[in-house]
Amino acid sequence: VPEIQEAHHNGKTTLWVVFVIMVISSAVFAGWSWRVPVSKRLYHVVTTLITIFAAISYFAMATGHGTSFNVIKIRHSHEHVPDTTTEVHRQVFYARYIDWALTTPLLLLDLSLLAGLNGGHILMAIVADVIMILTGLFAAFGSEGTPQKWGWYTIACIAYLVVIWHLVVNGRAQAAAKSNEVAKFFFAIGGFTILVWTAYPIVWGFADGARTLSVDGEIIAYAVLDILAKPIFGLWLLITHAKIPETNVEL
Ligand code: RET
């Protein structure tokens, strides 16, 4: 009999709660965008799309879709008798990766516009980010639990370092060129982003990686991070954008 690792009551409830939070955030951000002139709506549009994608993804997960079981075969070797295997079937919510593949580029776009990054740097950061998410997806369904999955994980982490590089080096330099206030705000919200984002690969390591965190624990951990990375990030960005005219983008 395989060991089944899947969502239970607490996990499922959490998915619904976050779904509702994402819907409310989307409504607030969309309503807010109508109150600013069309030419100043870019951050509002990007930020609203982020929570709309998240709401769709959470709806899928809460209704039991966007998920699949990863079958891990664990081999046990014994002396004198043939090897035996046991199986772990762990639920993986691949809907998350679809969400992240769309929303993390949009979050980076928000930060890039804020800093005033040029097109080449924006594209590089976003491509590295998409590579990070897709290789993370390969890691999650990693080859029946073989060490190869940590290979994919390593590639994803390297791609993540490229993303951070763009924010820390290019982002800060460009933001400083805009104004002192923009530089300060970029440092704060960029630092917040790096802290929150870095928690994802850590949670992953205990959840899909080592499988020591239960599926419910994983859902709750990602729920907290998703709320920080999307609605809280968005609120902070839009409120501050309204206060600092140099954050305006003419696009
Ligand atoms: C994975 C596993 C492989 C290694 C790395 C990861 C990084 C994920 C990140 C996700 C960020 C998500 C956000 C979501 C929405 O709000 C794919 C977990 C480095 C950084 C911000």
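All heavy atoms count here, side chains included; hydrogens, waters and symmetry mates do not. Since we're looking at a predicted model, the values are computed, not measured. Every number for a ligand or one of its atoms is a count from 1 in the order of the listing.
For the ring pair (Phe, Tyr, Trp, His ring centres under 6.0 Å) test with Tyr222, the passing option among Trp100, Phe206, Phe93 is Trp100; the others fail.
Under the salt bridge (charged side-chain N to carboxylate O under 4.0 Å, His left out) criterion, the residue pairs touching residues 98-122 are Asp99-Lys230, with sequence neighbours excluded.
Using a 30° and 60° split on the angle between ring planes, Trp204 and Trp150 fall in the perpendicular class, above 60°.
In this structure Thr85 satisfies the side-chain contact (heavy atoms from CB on, under 4.5 Å) test together with Arg75, sequence neighbours excluded. For the side-chain contact (heavy atoms from CB on, under 4.5 Å) test, residues two or more places apart in sequence or in another chain that qualify with Thr240 are Phe185, Trp236, Ile244.
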One pair per line, please: each N/O atom of ligand 1 matched with every protein N/O atom under 3.5 Å away, atom names first, then the distance to 0.1 Å.
residue	atom	partner	partner atom	Å
ligand 1	16 (O)	Lys230	NZ	3.2

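Judged purely by distance below 3.5 Å, without hydrogens or angles, the side chains of His78 and Thr84 pair a donor atom with an acceptor atom.
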